[in-house]
2 protein chains.
Amino acid sequence: MRIGELSRRTETSRRLLRYYEEQGLIFSDREANGYRDYDEGLVDRVLQIRGLLGAGLPIRIIKQILPCLRETRAIFFEEATPEMLAALEEERDRMTARIRCLERNRDAVAEYIVAVGGDQLARPAA
Amino acid sequence: MRIGELSRRTETSRRLLRYYEEQGLIFSDREANGYRDYDEGLVDRVLQIRGLLGAGLPIRIIKQILPCLRETRAIFFEEATPEMLAALEEERDRMTARIRCLERNRDAVAEYIVAVGGDQLARPAA
DNA sequence: CTTGACATTCACACCAATGGAAGGGTTTCA
DNA sequence: TGAAACCCTTCCATTGGTGTGAATGTCAAG
């Protein structure tokens with residue numbers, strides 16, 4: 001698909017898609033005229049990238065862990081140097097820490113909402 | 001405690017602590033001489049703030065949810081306007097989305113690590 | 001030929017964070 | 001008492017990262 005379709009399907013500006021490509025997060029083939037030609041899988045990939053960015057991971061790290069996230073479960077063993085493995089383990093642990101932090105705080109927010117009487121399913125008797 | 005101690009205990013520069021105060025994320029009493037006097041609870045508070053920032057929440061949002069996160073369970077009902085409640089519910093849901101995204105991707109990273117034979121320090125006889 | 005989608009490139013905006021200088025007061029300890 | 005270490009404020013500039021705007025040009029189709 002071309003960039004316009006990918007943009008619509010991911011609700012991501014063309015500009016940003018080109019930026020992600022420039023940053024090495026996604027790739028595209030080119031049509032004869034130079035237009036980008038995206039694989040179907042790029043839709044999920046872009047959403048995934050945006051999710052991770054939204055969760056605070058920098059592009060540099062996302063680029064690093066992308067090889068682990070290929071939907072095609074073709075794992076590239078040859079690239080698994082000890083240094084890279086260590087970096088991945090570190091990042092995995094950092095993600096766990098992030099998750100815990102978010103869970104704790106989300107739960108606190110949720111408790112607060114309940115305590116002050118919010119979240120009454122579909123506002124029954126407002 | 002004074003700013004130096006808080007800085008050491010949170011591994012956060014004095015500069016940044018003053019910045020957070022300027023941004024309205026934390027508060028301090030003042031000694032007679034003008035020195036900031038921090039409550040013991042600020043240690044956790046600062047760590048919490050840094051965790052949330054690291055998880056991708058902007059200062060603006062963190063400031064908004066801080067009232068829900070007071071360790072003193074004094075909840076300020078009077079401030080719970082419907083608009084604020086709606087904003088909180090939205091933010092709660094966004095945090096949940098973040099958590100799910102991180103979980104999915106962390107698990108993928110973890111699987112990859114196992115697949116390429118990492119993490120054997122912890123489990124020698126894999 | 002006009003319209004819309006595509007291309008590239010430079011510059012800018014926003015946010016978190018930092019650095020540093022100026023210029024001054026306070027605490028601690030030998 | 002003197003020095004070092006700590007603290008204060010204000011101001012200004014900068015860095016790094018994510019994201020955007022706008023100018024300018026090409027391509028394809030009605």
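Convention: sequence-line order gives letters A, B, ...; per-chain numbering from 1.
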Rounded to whole Å, how long is the line connecting atom [atom1] of [X] with atom [atom2] of [N]?
X: A:L52; N: D:dG17; atom1: CG; atom2: C1'; value: 16 Å
X: B:L53; N: D:dT18; atom1: CG; atom2: P; value: 15 Å
X: A:I3; N: D:dT26; atom1: CD1; atom2: C1'; value: 15 Å
X: A:R18; N: D:dT20; atom1: CZ; atom2: C1'; value: 12 Å
X: A:R2; N: D:dA29; atom1: CZ; atom2: C1'; value: 11 Å

*First locate atom SG of B:C68, then atom CG of A:N105, and finally report the distance between them rounded to the nearest 0.5 Å.*
9.5 Å
*asked:* If you count heavy atoms of other groups shown closer than 6.0 angstrom to CD of A:E31, is the number above 12?
replied: yes
Charged N to carboxylate O under 4.0 angstrom, [X] versus [Y]?
X: B:R18; Y: B:E22; value: no
X: A:R36; Y: A:E21; value: yes
X: B:E91; Y: B:R94; value: yes

_Taking any atom closer than 4.0 angstrom to a non-hydrogen atom of chain A, what span of DNA chain C does the protein reach, first nucleotide to last?_
C:dA5 to C:dA11
*Under 4.0 Å between a side-chain N/O of A:S13 and OP1 or OP2 of D:dT20, yes or no?*
yes
_If you assign each of B:P58 and B:R15 to its closest nucleotide in DNA chain C, which residue comes earlier from the 5' end?_
B:P58
*Taking the side chain from A:S7 and the backbone from A:I3, do they hold a donor-acceptor pair closer than 3.5 Å?*
no
*Residues from residues 19-35 of chain B lying under 4.0 Å of DNA chain C - heavy atoms*: B:Y19, B:Y20, B:N33, B:Y35
*Least distance between heavy atoms, B:M95 atom then B:L52 atom*: CE-CD2, 4.2 Å
*List the atom of A:R92, the atom of B:A110, and the distance in Å for their closest heavy-atom pair.*
CD-CB, 3.9 Å
